[in-house]
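Heads up, the thing below is written out as structure tokens.
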Amino acid sequence: MIHTEFVQKKKGTTPYEQIKAFLDKKSDKSYPVTLIALNDVTCIGTVSLFENDLNERPAYTPWLASLFVEKVYRNQGIAQQLINQLIVYAKSR
């Protein structure tokens with residue numbers, strides 16, 4: 001979902017495997033982290049927390065990224081719930 005919406009549709013060239021490796025990176029830091037919204041077992045939305053938007057802008061940290069909700073589930077408050085939960089997570093770190 002993240003690769004389709006934020007790389008392919010934007011004509012990006014970052015391969016899926018590289019993005020997955022970035023999101024799978026394990027460290028002692030609190031990010032990157034991705035939260036998902038589920039409808040039963042189907043992922044319907046996502047939001048991520050990255051260290052920053054660009055290494056050239058380290059002051060902007062942490063960085064909310066990749067907020068997306070499938071079209072059919074929009075206007076139901078799902079994005080706001082994802083943001084709220086991400087804020088709770090960030091504050092706890």
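Note that CH2 of Trp63 and CG of Asn52 are 9.0 Å apart. Values are rounded to the nearest 0.5 Å. Separation of atoms CZ (Phe68) and OG (Ser48) is listed at 12.5 Å; rounding is to 0.5 Å. One finds the OG1 atom of Thr61 at 12.0 Å from the CZ atom of Phe50 (value rounded to the nearest 0.5 Å). Once rounded to the nearest 0.5 Å, the distance linking CD1 of Ile83 with CG of Leu35 reads 11.0 Å.
The cluster map of Ile, Leu, Val, Met, Phe, Trp and Tyr, joined by side-chain heavy atoms under 4.5 Å apart, puts Leu67 and Ile87 in the same cluster.
The two atoms that bring Gln81 and Gln76 nearest to each other are NE2-O, 4.4 Å, heavy atoms only. For Pro62 against Leu49, the heavy-atom pair with the smallest separation is CB-CD1, 3.5 Å. Of all the heavy atoms in Leu82 and Gly45, the pair that sits closest is CD1-C, 3.9 Å. When all heavy atoms of Tyr73 and Asn39 are compared, the closest pair comes out as OH-ND2, 2.9 Å. Residues Ile78 and Val69 share a closest heavy-atom pair of CG2-CG2, 3.9 Å.
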Worksheet item: Between Val72 and Ile44, does a side-chain contact (heavy atoms from CB on, under 4.5 Å) hold up when you go through it step by step?
Response: CA-CA 9 Å; Val72 69; Ile44 60 171; over 6 Å; no

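With sequence neighbours excluded, the residues forming a side chain to side chain donor-acceptor pair (under 3.5 Å) with Asn84 are Gln80, listed by chain and number. In this structure Glu51 satisfies the salt bridge (charged side-chain N to carboxylate O under 4.0 Å, His left out) test together with Lys29, sequence neighbours excluded.
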